[in-house]
K.L.:
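Just passing along the structure, written as structure tokens.
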Amino acid sequence: MTDDDRYKLFGVYLSEPTVDALAESLYEEAGVVDLETYFDETADFVPAGDPGADATDALLADVLESFATRYDEAAFETAETVDPDSFTLVHLAAKPRRVTELRERFQAAATIQETDLRTVQTAILAAHLETELEA
């Protein structure tokens, strides 16, 4: 299998409102009913053509393309007030190169903001999904 016919799983930690907005978006786009259990966490790759994987790859492509804008829009200070125990790990699928690029950007943003990845991932994805963060 080549990178073009499979997706790599990518875990992100998100606040509950962000998970809900993401789940709603993926339900509308691909009919994903239960985002938190949609992907088998033990699998390294998901074959292309899976509707949920195609939808999450497209979403993450949009996030990557608009990362600088989303970074500027992100409510990092609000995301930092989210109870650390309330973040949920959600697995998404994307092309392997996209996963690498997103990891690098999220890590760079966490370094710049002097915060953790959960805060950065939540703030940027909430900005992308136009979701309010709750503390």
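What's counted below: heavy atoms across the whole structure, side chains too, no hydrogens, waters or symmetry copies.
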K.L.:
Would you say Thr100's side chain and Pro96's backbone share a donor-acceptor pair under 3.5 angstrom?
P.N.:
yes
K.L.:
Let me confirm one number: the NE2-OG1 distance from His128 to Thr69, rounded to the nearest 0.5 Å.
P.N.:
11.0 Å
K.L.:
Counting only N and O atoms by type, is there a donor-acceptor contact under 3.5 Å from the side chain of Asp57 to the main-chain atoms of Ala93?
P.N.:
no
K.L.:
Roughly how far, to the nearest 0.5 Å, is CZ of Arg98 from CZ of Arg103?
P.N.:
14.0 Å
K.L.:
Does the pair Glu101/Arg105 count as a salt bridge with the N-to-O cut at 4.0 Å?
P.N.:
no
K.L.:
Shortest non-hydrogen contact from Asp54 to Gly49?
P.N.:
OD1-N, 3.3 Å
K.L.:
Taking all atoms of both residues into account, what is the closest heavy-atom pair of Ala109 and Val120, and its distance?
P.N.:
CB-CG1, 3.6 Å
K.L.:
Can you find a heavy atom in the side chain of Asp5 that is under 4.5 Å from one in the side chain of Pro47?
P.N.:
no
K.L.:
Distance-only, no hydrogens or angles: does the Gln121 side chain make a donor-acceptor pair with backbone N or O of Tyr13 under 3.5 Å?
P.N.:
yes
K.L.:
Would a single hydrophobic cluster contain both Ile124 and Ile112, if residues Ile, Leu, Val, Met, Phe, Trp and Tyr are joined by side-chain heavy-atom contacts under 4.5 Å?
P.N.:
yes
K.L.:
Can you establish whether the number of heavy atoms outside Glu77 located under 6.0 Å from its atom CD is more than 12?
P.N.:
no
K.L.:
Let me confirm one number: the OG1-CG distance from Thr122 to Leu14, rounded to the nearest 0.5 Å.
P.N.:
4.5 Å
K.L.:
Should we count CD of Glu80 as having more than 12 external heavy atoms under 6.0 Å?
P.N.:
yes
K.L.:
Asp34 and Tyr27: side-chain hydrogen bond (donor to acceptor under 3.5 Å, both in side chains), yes or no, with the steps?
P.N.:
CA-CA 8 Å; Asp34 186 0; Tyr27 177 76; over 6 Å; no
K.L.:
What pair of heavy atoms forms the shortest contact from Gly52 to Val32, and how long is it?
P.N.:
CA-CG2, 3.7 Å
K.L.:
Testing the 3.5 Å rule here: is there a donor-acceptor pair between the side chains of Ser15 and Thr18?
P.N.:
yes
K.L.:
How long is the gap from CG on Leu64 to CG on Leu60, to the nearest 0.5 Å?
P.N.:
8.5 Å
K.L.:
Could you report the tightest heavy-atom contact between Ala30 and Ala55, atom names first, then the distance?
P.N.:
CB-CB, 3.7 Å
K.L.:
Could you list the residues that satisfy side chain to side chain donor-acceptor pair (under 3.5 Å) with His91, not counting sequence neighbours?
P.N.:
none
K.L.:
Report, as yes or no, whether the 6.0 Å neighbourhood of atom CD on Glu29 holds more than 12 heavy atoms from other residues, nucleotides or ligands.
P.N.:
no
K.L.:
Please enumerate all residues that pass side-chain contact (heavy atoms from CB on, under 4.5 Å) together with Asp116, with sequence neighbours excluded.
P.N.:
Arg118, Thr119
K.L.:
Are any of the side-chain heavy atoms of Phe87 and Glu16 separated by less than 4.5 Å?
P.N.:
no
K.L.:
With a 4.5 Å limit on heavy-atom distance, are the side chains of Leu59 and Leu129 in contact?
P.N.:
yes
K.L.:
Does a side-chain heavy-atom distance below 4.5 Å link Val12 with Leu92?
P.N.:
yes
K.L.:
Can you name the nearest heavy-atom pair linking Tyr71 to Gln113, along with the distance?
P.N.:
OH-NE2, 2.7 Å
K.L.:
Has the side chain of Ser66 got a donor or acceptor atom that lies under 3.5 Å from a matching backbone atom of Asp62?
P.N.:
yes
K.L.:
For Lys95 and Tyr7, work out which heavy atoms get closest and say how close.
P.N.:
N-CD2, 3.5 Å
K.L.:
Would you find more than 12 non-hydrogen atoms of other residues, nucleotides or ligands less than 6.0 Å from Phe106 atom CZ?
P.N.:
yes
K.L.:
Determine whether Phe39 and Val33 fall in the same hydrophobic cluster, where Ile, Leu, Val, Met, Phe, Trp and Tyr are linked whenever their side-chain heavy atoms lie under 4.5 Å apart.
P.N.:
no
